[in-house]
Every structure is written in structure tokens, then in C-alpha cells.
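Note sheet for the following structure.
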Amino acid sequence: MTRAGRRRRGVLGIVATGAVLLCGCGPLGVTGRPRPNPTSEAGLAQLLDFHYVGDSGENETMNQQLVIKNNARRSQVPTLSFTAFDKNKHVLPQVRVTTVYGSDHGNLVAPFGSSYDVLRFSGPGEHDVADVRVAVRRTSVARIPAGPHDVTTQALDSRGKEIPRFERFSAVRLTNEDDVPVSVRVVYILWDRPPNGVTQQAVEVTPVGALMTVPAHGTTVLQVDTAAAKAVARNSEGPAVSIKAYNSQ
């Protein structure tokens with residue numbers, strides 16, 4: 001992900017099973033729980049499961065991940081809200097939790113199986129977050145299903161030559177290995193460089209272009225628009241940037 005060194009592995013977050021407008025905690029499949037109706041909004045919400053990984057322990061893996069498990073056999077578009085906790089499981093009321101991919105605004109499509117968003121913390125106590133509880137405010141079936149694999153990104157210069165993401169790029173090639181076409185958005189992320197023991201956080205997130213369709217087993221090229229070009233010019237040659245595509249609609 002970045003040129004930063006490995007950091008201490010974070011604490012696994014509370015596993016939270018969302019219900020529409022409520023936050024319920026606990027694993028899926030508890031004895032006595034009514035079987036979810038996958039055709040209703042409440043039933044879809046009950047088929048979502050989450051856990052928070054503060055630090056994966058890997059240099060090339062993003063910190064502060066919210067892992068989303070969608071047990072419905074259809075892609076969902078959830079709108080989530082979050083409550084941050086410290087290591088003693090006390091609520092951190094002044095910490096605001098937002099996301100990189102927009103699951104807090106219904107901007108992320110979660111495929112059947114596992115996917116993820118990246119959380120951002122701000123406010124007094126932001127460095128004390130050890131767990132996150134998730135509430136599903138609403139959810140719906142995606143108009144455009146997501147594939148099981150991430151669309152990969154490759155930075156290109158003005159001549160279409162592949163270059164490292166740390167350099168100043170003019171376009172991004174998107175590659176889809178799945179059997180179906182998918183729709184994605186792309187973001188350019190600047191990461192901080194925290195001291196040891198503190199998880200790395202996205203400090204600036206810039207959309208790159210508009211919603212893009214990537215054909216099945218194919219590629220498409222996204223040109224960097226003016227707003228993103230300014231961010232790339234400002235942050236290129238730095239040690240901690242990422243170019244990420246995520247399923248959206």
C-alpha cells in the first residue's frame with residue numbers, strides 16, 4: 001500500500017450483525033433467531049456481518065479496514081453508521097467515523113462473500129480506537145452486481161506507459177478478472193505516517209473521474225480529471241499513496 005514500515009497488529013473489532021435502524025451485536029446463525037427473509041430490507045440487513053481490523057500486520061495491506069461479509073446471494077448497497085470503542089470497550093463519543101469507499105453514504109456495493117471499506121477516525125480520542133460497532137441504517141439490492149474479485153489499478157503516464165503509483169500519472173488502467181462486467185469508482189488516497197503502535201490512516205481521499213464500467217475479463221482506461229490531477233501533483237513522489245477501485249453504482 002505504502003512505503004511505510006510494518007505496524008503493530010491491531011485489535012479485532014466487535015462482530016456486529018446489522019439490523020435496519022438498529023445495531024445488534026453477535027454472530028450470525030444464533031439458535032432461535034428467525035431465518036432472514038432475503039427479499040426484504042430487514043432480511044438483507046440481517047445477512048450482513050462485520051468486523052474491524054485496525055492493523056493487518058502486512059506492509060501492503062491497508063489499516064483500519066471494515067471487513068464486510070454479505071451472506072445474501074446478491075450484491076447489496078448498505079448505508080452504515082459506526083460507534084468507536086477504546087481497548088476497554090468504552091464508547092469514544094467524540095470520535096467521528098467516516099469511510100474511504102462511502103459505505104456510510106450508500107456508495108459501496110458489497111458482493112456476495114467478503115469485501116471491505118476503510119475507516120477514518122477524527123476528533124479527541126481518534127488514536128485510541130480499538131473496536132468499532134456497526135449499524136445498518138438501510139440497505140438494498142444493487143442495480144449492478146459486484147464480482148467476487150477487486151478490480152485492479154495501474155497508473156499510466158501521458159503516453160500510456162505503466163508507472164509506479166508514487167509518480168505523477170495521467171490515467172489509470174482498470175482490470176476486471178471476473179465473468180461479469182462491473183461498475184467501479186476510483187480514489188487516490190494519501191496516508192499519514194504515524195509512530196509505531198498507531199494505525200495508519202487515510203488523511204486525504206480524492207475521487208478520480210466518474211463511475212466506470214469495466215467489461216468482463218477486460219480493461220478500461222480512466223483519465224485523471226482536473227481535480228484529481230491537482231491532488232496527484234501535490235502528493236506524487238511521496239511515500240504513502242494508493243490508487244484503489246471499489247464497486248459502486
Side-chain angles (χ1 to χ4, degrees), residues 1 13 15-21 23 38 41-54 56 61-84 96-122 132-153 172 174-178 180-189 191 201-202 204-214 220 222 228 242-249:
M1 175 189 66
V15 177
T17 302
V20 177
L21 301 180
C23 175
E41 183 178 4
L44 286 169
Q46 291 176 42
L47 291 169
L48 291 169
D49 195 18
F50 310 92
H51 72 269
Y52 168 67
V53 180
S56 70
T61 302
M62 294 182 289
N63 286 181
Q64 298 182 186
Q65 286 193 30
L66 175 74
V67 179
I68 304 169
K69 185 177 181 182
N70 176 15
N71 296 282
R73 291 189 174 275
R74 56 185 69 187
S75 298
Q76 293 196 54
V77 188
T79 300
L80 309 176
S81 61
F82 308 95
T83 303
R96 180 170 179 253
V97 186
T98 57
T99 69
V100 170
Y101 295 164
S103 61
D104 51 340
H105 296 293
N107 204 34
L108 174 70
V109 174
F112 170 61
S114 293
S115 58
Y116 68 94
D117 202 340
V118 181
L119 303 184
R120 305 173 70 186
F121 307 125
S122 60
V132 174
R133 183 173 294 159
V134 182
V136 179
R137 309 306 298 177
R138 64 186 65 86
T139 190
S140 61
V141 175
R143 297 191 303 272
I144 306 170
H149 300 100
D150 291 338
V151 168
T152 59
T153 62
V172 180
L174 307 173
T175 301
N176 173 23
E177 66 176 280
D178 290 324
V180 295
V182 295
S183 292
V184 300
R185 300 183 191 274
V186 177
V187 287
Y188 179 63
I189 309 168
W191 303 89
Q201 174 157 258
E204 184 179 316
V205 180
T206 305
V208 180
L211 184 70
M212 296 291 293
T213 298
V214 189
T220 191
L222 172 63
S242 297
I243 308 167
K244 292 292 182 179
Y246 62 93
N247 290 292
S248 190
Q249 64 177 33

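Every value quoted in this text rests on a predicted model; they were computed, and no experiment measured them. Position 1 is the first residue of the sequence, and the numbers go up from there.
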Checklist line | Straight-line distance of T213 OG1 to L174 CG, nearest 0.5 Å | finding: 10.5 Å

Note to self: Treating T139 as the side-chain partner and L44 as the backbone partner, does any N or O pair qualify as donor plus acceptor under 3.5 Å?
What the structure shows: no

Margin query: To the closest 0.5 Å, what do you measure between OG1 (T99) and CG (D104)?
Written below: 3.5 Å

Note to self: Apply side-chain contact (heavy atoms from CB on, under 4.5 Å) to residues D150 and K244 and explain how you reach the verdict.
What the structure shows: CA-CA 9 Å; D150 291 338; K244 292 292 182 179; over 6 Å; no

Item checked: Minimum heavy-atom distance between A110 and I68, given as atom pair plus value -> CB-CG2, 4.2 Å

Checklist line | Check: N70 and P111 side chains under 4.5 Å, non-hydrogen atoms | finding: no

Note to self: Minimum heavy-atom separation for W191 and A202, please, with both atom names.
What the structure shows: CE3-N, 3.4 Å

Checklist line | Distance, nearest 0.5 Å, that separates OG of S115 from OH of Y101 | finding: 10.5 Å

Notebook entry, point to check: How close do L108 and P78 get, heavy atom to heavy atom, and via which atoms?
Noted result: O-CD, 3.6 Å

Next item on the list: Answer whether the closest heavy-atom distance between the side chains of Y116 and V53 falls below 4.5 Å.
Entry: no

Checklist line | L119 backbone acceptor or donor facing Q64 side chain under 3.5 Å | finding: yes

Note to self: Measuring only between side-chain heavy atoms, which start at C-beta, is K69 closer than 4.5 Å to N71?
What the structure shows: yes

Which atom pairs, one a donor and one an acceptor, fall under 3.5 Å between side chains of residues 180-189 and the rest of the protein, sequence neighbours left out?
residue	atom	partner	partner atom	Å
R185	NE	S248	OG	2.9
R185	NH2	Q249	O	2.9

Next item on the list: Locate the shortest heavy-atom distance separating V97 from A84; write the atom from each residue and the value.
Entry: CG2-CB, 4.1 Å

Next item on the list: Compare all side-chain heavy atoms of V134 with those of Y52 and state whether any distance is below 4.5 angstrom.
Entry: no

Checklist line | Heavy-atom check, side chain of L80 versus side chain of V136, under 4.5 Å | finding: yes

Note to self: Once rounded to the nearest 0.5 Å, what's the spacing between atom CD of Q65 and atom NE2 of H51?
What the structure shows: 8.5 Å

Item checked: Close side-chain approach of Q201 and N63, heavy atoms under 4.5 Å -> no

Notebook entry, point to check: If every non-hydrogen atom of A72 is compared with every non-hydrogen atom of Q76, which pair is closest and at what distance?
Noted result: CB-NE2, 3.8 Å

Notebook entry, point to check: So, R133 side chain and T83 main chain: donor-acceptor pair closer than 3.5 Å or not?
Noted result: no

Note to self: Quick check for you: to the nearest 0.5 Å, what is the distance between T98 atom OG1 and F121 atom CZ?
What the structure shows: 9.0 Å

Check: Given side chains that start at C-beta, do those of D117 and Y246 come closer than 4.5 Å, heavy atoms only?
Finding: no

Checklist line | Approximate separation, where rounding is to 0.5 Å, of T220 OG1 and N176 CG | finding: 10.5 Å

Check: Looking at A146 and V109, what are the two nearest heavy atoms and their distance?
Finding: CB-CG1, 3.8 Å

